[in-house]
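Letters A, B, ... mirror the listed sequences (proteins, then strands); counts begin at 1. In what follows, every heavy atom counts, from backbone to side chain, and hydrogens, waters and symmetry copies are set aside.
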Amino acid sequence: MNIIWFRRDLRLADNQALASAVSAGECLPIYILDEAEETEISGAGKWWLHQSLDQLNKALDGTMHFFKSSAASIIPQVANEINAKAVYWNNCYEPSFVKRDKEIEEILQKSGVNCQRFEGAHLWKPGAIVKGDGTPYKIFGPYLKASIASGPPPEPLSPPHKLQLKKVTLSGEVHLNDLNLLPKIKWFGGMAARWEPGEAAAKKLLNDFVANRLSHYSKERNYPARDILSRLSPYLHYGELSPATLWHAVQSSRSTTADKGKFLSELTWRDFAYSLLYHFPETVTQSYNVRLQKLRWQYNKALLEKWQKGQTGFPIVDAGMRQMWQTGYMHNRVRMITASFLVKNLLMDWRIGAEWFMDCLVDADLAVNTMNWQWVAGTGLDAAPFFRVFNPVLQSKKYDPDGTYIKTYVPELAGLPKSALHEPWKAKATVLKAAGISLGKDYPLPCIDLQTSVKEALKAFEETKF
DNA sequence: TGAAATGTTGGGGCG
DNA sequence: ACGCCCCAACATTTC
């Protein structure tokens, strides 16, 4: 008997470890909520993970064995208990996984248990796409080029025809509910209303995206009110959908080369993020740009809370922060706007923002989140320059021109005409009155002055020169 | 996958 | 016909 260890690959289709384990005969599926890893999973992500594990367990006829402990002790223990010949798993490239998995592999090898490791979380695993001299790419453009030159990822595998799964009672195993992934306070209503975790739902959403939305992708992807993005990121994170499956579905679709290329380049950004995390793991906690490590960030609890709660007084920022809080998701364009606002207007450390996003997003992913925050902050690899500051009003007018997105998440402004929606503090008293809005009461006044705050940020930036 | 300031160009109105 | 100004449109520079 063999062990199939599920991790960030909560699917049956295109799962190399599962396919190999099944073809080797009877196997026993396990999932471990590693205590060390648990602290890194977002609040929203825990809700997602619970649903996803529930779905997977059902697809496995309820044979999944759950543990809440350290994987380094559980894996060898279970292997010993059932006298396993081998343990199968798919690799994951977060630094904590890499280190831990290596230790487990060594322990297993010492006790004569075979270790079968596979790929499947990326188009190209971190380390595979490197420059001619073996050093990692630091710029996305050349990375993308090299990735394309490496050819298409392998064709996805079908789900196994017949599972020979074993359910036994193992010492120390718990019920899914005992992983305590669901919060005691039921704040996840907004997420449950918008999301359906699990492999089957991922497949449905993928088909819908390719059939109905991909053909608008390159033109409309920046407009948060349009429902054009794939929304597949959480499924990719937990492995309910493999990147290779997504890649081939997009590539073989009837959309234009422009739309396919744009989308696949975005998908490649995900690989690039993992490549950066793999080669520069210290960037999770440190600005990559050494000069900017000296930047004097400000910390203001009251302002931070306004940002977190979507009460800054800037409608597009508030809409984004509330969308995330309510649904566990935020449109990509608005992620950039809200992040830029925290870093460049409130001059707060990007790590504070990164942490908040990690806790609120159902698609929270250490590699992607770290890269994107460092990009916005201008501290990272291949990042925007620090002085590239998004003006939330201009961005709002440009990407949410009729205010549909704002009105959805900031309903108290719904009565305003679109000419006043993007900067209500400039609206005439009569307009505000007609909309039944008293600024500072029904909706906050701007928490900072845009021009002054940008000047402050640039001043702090200048100071890092010395 | 900025924004604002500054510079350049060219068409058109006008004396 | 010509120079002059205005200004929109676009390009370049700077933060």
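- Side-chain atoms of A:N91 never come within 3.5 Å of backbone atoms of A:E119 as a donor-acceptor pair (strictly under, hydrogens ignored).
- Counting to the nearest Å, the P atom of B:dT1 and the CH2 atom of A:W375 are 9 Å from each other.
- With sequence neighbours excluded, the residues that form a salt bridge (charged side-chain N to carboxylate O under 4.0 Å, His left out) with A:K68 are A:E38.
- Distance CD (A:Q451) to C1' (C:dC15): 14 Å, rounded to an integer number of Å.
- Ring centroid separation for the pair A:F97 and A:Y93 does not come in under the 6.0 Å cut-off.
- Comparing the local axis fitted to the first five base pairs of the helix from B:dG2-C:dC15 to B:dG15-C:dC2 with the one fitted to its last five gives a bend of 10°, rounded to 10°.
- Rounded to whole angstrom, the span from the CG atom of A:L394 across to the P atom of B:dA5 amounts to 11 Å.
- By the ring-ring contact (aromatic ring centres under 6.0 Å, His included) test, A:F390 pairs with no residue at all, sequence neighbours left out.
- Note: CD1 (A:I337) to P (B:dG2) measures 10 Å, nearest angstrom.
- In this entry the distance linking CG of A:L458 with C1' of B:dG2 reads 12 Å, nearest Å.
- Distance A:R388 CZ to C:dT14 C1': 13 Å, rounded to the nearest Å.
- Comparing B:dA4, B:dG2, B:dT1 by their nearest atom to the side chain of A:N391 picks out B:dA4.
- No close placement of the A:W269 and A:W375 rings is indicated, their centers lying 6.0 Å or farther apart.
- Between A:N345 atom CG and C:dC15 atom P the separation is 19 Å, expressed in whole Å.
- Salt bridge A:R351/A:E355: absent, no basic N to carboxylate O contact under 4.0 Å.
- Across all strands, A:E462 comes closer than 4.0 Å to no nucleic acid atom at all (heavy-atom distances).
- The distance from atom CD of A:Q395 to atom P of B:dT1 is 11 Å, rounded to the nearest whole Å.
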